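Because the structure is a prediction, the values reported are computed rather than measured. Along the sequence shown, residues carry numbers from 1. Values reported hereafter were calculated over all heavy atoms of this structure, with side chains retained and with hydrogens, waters and symmetry mates removed.
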Amino acid sequence: MNRTAFPAIHALAAAVAASLALTVAGCAQKRPVQTEAELLAERTTLRQELVGEGLQAVGLLVERMHERRKTDPDATLDVLAISGGGDWGAFGTGFLRGWSEVTDPKLGRPAFDVVSGVSTGALIAPFAFLGTPEDLKTVDDLYRNPKADWVKTRGLLFFLPDNASFAEVPGLEREIDKVITESFAERVAAEHASGRILLINTTNLDDGSPQPFLWANAAEDAVERHDVTRLRNILLASSGVPGAFPPREIDGSIYVDGAVTSNIIYGGNAKKGMGFGAIWKRMYPNEPVPTVRYWVLLNNYSQAIPRTVQPTWPSVIERSLEIAVRASTNIALRHLYAMTEASELRGEGHVEVRWVAIPQTWKAPEEGIFKEATMRSLSDLGYATGRNPASWMTEAP
């Protein structure tokens with residue numbers, strides 16, 4: 001989920017586990033240990049699969065846009081990237097509802113061609129992808145009504161290093177089970193059939209890398225198998241704070257919070273010649289490349305709020321990790337701007353980038369995580385911010 005309150009959890013879990021790892025003997029090894037050579041071979045295969053899937057997805061996206069251009073010459077390719085932020089994702093759910101009320105055709109909420117989500121953004125992304133008022137209300141209601149059992153410690157011995165995490169998420173799992181059903185997967189799969197893309201980022205701990213899942217593709221498989229377990233696990237993996245929430249095993253590897261490797265997903269790992277504009281030019285060399293618009297929704301402040309830090313290890317580690325997440329997100333945004341400028345210089349089409357974050361004037365009304373007062377305040381703030389087109393930033397942070 002990854003917001004500023006969580007680094008303290010990270011620090012506690014890491015410190016307790018590290019100290020006990022030196023003193024507690026005989027912990028059972030639950031997974032067979034692969035050799036480095038085996039893992040490197042798997043990495044090569046994984047990279048090839050991801051590149052192949054990515055090229056195929058962008059190719060279908062180009063075909064989709066080409067068909068749209070036949071009836072709408074001014075059609076734009078719209079990409080929504082939703083960041084991590086834990087319970088502060090309530091800002092994003094409220095924002096999407098407010099944005100739906102903007103009537104300006106240039107700045108109103110479009111029908112997105114690509115949606116990506118990370119951590120708490122992963123939980124929001126499928127609803128934004130479907131995009132109906134009912135879907136947006138469903139996810140906003142979820143964030144406005146947190147339950148006490150969304151996160152529970154494992155009891156007095158939560159800190160034992162043989163545990164997968166020092167907390168469990170039974171309530172969160174229950175909520176996801178309620179909404180991510182086979183009928184929900186069918187609706188996502190139907191949208192994917194039209195060439196739209198839904199990406200959920202996770203972190204593959206075995207490989208040590210980000211791994212974005214094409215969630216809409218996975219929805220098609222889930223419908224064919226009549227089993228949505230993998231779909232749910234991808235969302236739980238992306239929102240699984242390392243050490244605090246249980247990791248998820250998917251396809252034989254262990255996955256955790258996508259924000260560990262990238263707090264927003266925008267195609268930044270694409271090699272030269274693999275982006276939308278480059279592929280469009282190869283497929284339709286005599287036609288102008290459609291304008292691409294990136295909309296980045298940050299479920300946090302854009303910069304860490306200044307405060308006095310006490311010289312204790314929990315305070316220092318928590319603050320350091322908070323600053324690290326903010327800094328890496330800003331670096332990613334700057335890279336997105338640089339990447340789009342380079343794309344334009346290569347003649348691969350005009351690109352626009354807009355982003356929005358929680359205003360630094362907002363303060364949480366209640367301390368702690370998953371507090372109803374805080375989440376409702378953020379949802380209300382997001383709704384008001386989303387209704388105001390002037391909220392969008394157009395320059396890199």
Side-chain angles (χ1 to χ4, degrees), residues 47-82 105-117 125 128-131 188-201 210 212-220 262 264-297 332-355 392 394 396:
R47 294 289 187 278
Q48 291 172 343
E49 290 176 353
L50 290 176
V51 169
E53 289 177 354
L55 286 172
Q56 182 181 28
V58 176
L60 292 173
L61 194 62
V62 167
E63 292 177 0
R64 166 186 165 82
M65 288 302 302
H66 190 256
E67 286 300 310
R68 287 180 58 197
R69 286 275 290 270
K70 291 178 180 178
T71 56
D72 181 8
D74 297 322
T76 57
L77 175 71
D78 288 284
V79 181
L80 172 67
I82 311 175
K106 292 184 178 180
L107 294 176
R109 182 174 65 85
F112 301 106
D113 301 285
V114 181
V115 176
S116 70
F129 183 74
L130 293 175
V188 172
E191 292 298 324
H192 173 251
S194 70
R196 298 177 68 206
I197 296 174
L198 174 55
L199 283 165
I200 301 297
N201 191 49
F213 283 92
L214 289 166
W215 205 79
N217 297 47
E220 287 187 338
S262 184
I264 54 172
I265 293 297
Y266 52 92
N269 62 343
K271 303 292 186 183
K272 183 179 177 181
M274 292 174 56
F276 173 82
I279 292 177
W280 176 282
K281 289 181 68 175
R282 289 200 294 273
M283 293 178 67
Y284 305 107
N286 299 319
E287 299 184 34
V289 181
T291 294
V292 178
R293 301 191 299 178
Y294 286 91
W295 310 85
V296 182
L297 177 50
L333 268 175
R334 292 170 192 143
H335 177 247
L336 173 57
Y337 274 91
M339 184 180 78
T340 57
E341 289 175 7
S343 178
E344 290 203 42
L345 289 172
R346 290 194 295 265
E348 294 171 358
H350 176 64
V351 184
E352 300 173 1
V353 179
R354 296 179 179 86
W355 62 277
W392 291 105
T394 57

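- Residues passing the side-chain hydrogen bond (donor to acceptor under 3.5 Å, both in side chains) test with Y266, sequence neighbours excluded: H335.
- The two residues W355 and L333 come nearest to each other via the heavy atoms CD2-CD1, 3.9 Å.
- Among residues two or more places apart in sequence or in another chain, the ring-ring contact (aromatic ring centres under 6.0 Å, His included) test is passed with F213 by Y255.
- Applying the side chain to side chain donor-acceptor pair (under 3.5 Å) test to residues at least two apart or on different chains, the pairs with a partner in residues 189-201 are R64-S194, E191-R196, H192-N217, H192-E220.
- V115 places none of its side-chain heavy atoms less than 4.5 Å from the side chain of L199.
- Here the closest heavy-atom approach between residue I82 and residue A125 is recorded as CD1-CA, 4.0 Å.
- Residues V292 and F276 share a closest heavy-atom pair of CG2-CD2, 3.8 Å.
- When all heavy atoms of G349 and V289 are compared, the closest pair comes out as CA-CB, 3.8 Å.
- Note: W392 and W295 meet the aromatic proximity criterion, with ring centroids under 6.0 Å apart.
- Counting heavy atoms from C-beta on, the side chains of L61 and L77 come closer than 4.5 Å.
- For T340, the side chain to side chain contact (heavy atoms under 4.5 Å, CB included) criterion is met by Y294, L336, V351, V353, not counting sequence neighbours.
- Put simply, the residue from R68, H350, M65 that forms a side-chain contact (heavy atoms from CB on, under 4.5 Å) with P290 is M65.
- Every side chain to side chain contact (heavy atoms under 4.5 Å, CB included) that R334 has, sequence neighbours left out, goes to N330, I331, A396, P397.
- With contacts defined as side-chain heavy-atom distances shorter than 4.5 Å, the pair R293/V79 does not qualify.
- Considering only residues two or more places apart in sequence or on other chains, E287 meets the side-chain hydrogen bond (donor to acceptor under 3.5 Å, both in side chains) condition with H66.
- Although no hydrogens or angles enter the test, the distance criterion places a donor-acceptor pair under 3.5 Å between the side chain of S116 and the main chain of I265.
- For E53, the salt bridge (Lys or Arg N to Asp or Glu O under 4.0 Å) test picks out no residue, with sequence neighbours left out.
- Taking CD1 of I264 as the reference point, atom CG of L80 lies at 11.0 Å (rounded to 0.5 Å).
- A search for side-chain hydrogen bond (donor to acceptor under 3.5 Å, both in side chains) contacts involving R346 returns E348, not counting sequence neighbours.
- Every residue meeting the side chain to side chain contact (heavy atoms under 4.5 Å, CB included) condition with V188, not counting sequence neighbours, appears here in chain and number order: F129, L130, F184, L198, W215, A216, A219.
- Here the shortest heavy-atom pairing between G273 and I279 reads O-CG1, 4.0 Å.
- Listed for the T76 side chain is no donor-acceptor partner under 3.5 Å among the backbone atoms of D78.
- A heavy-atom distance below 4.5 Å is not found between the side chains of K272 and S343.
- With sequence neighbours left out, the salt bridge (Lys or Arg N to Asp or Glu O under 4.0 Å) criterion links K271 to no other residue.
- Rounding to the nearest 0.5 Å gives a distance of 8.5 Å between CG of L50 and CG of N269.
- For R47, the salt bridge (Lys or Arg N to Asp or Glu O under 4.0 Å) partners are D207, not counting sequence neighbours.
- For R354, the side-chain hydrogen bond (donor to acceptor under 3.5 Å, both in side chains) partners at least two apart in sequence or on another chain are E352.
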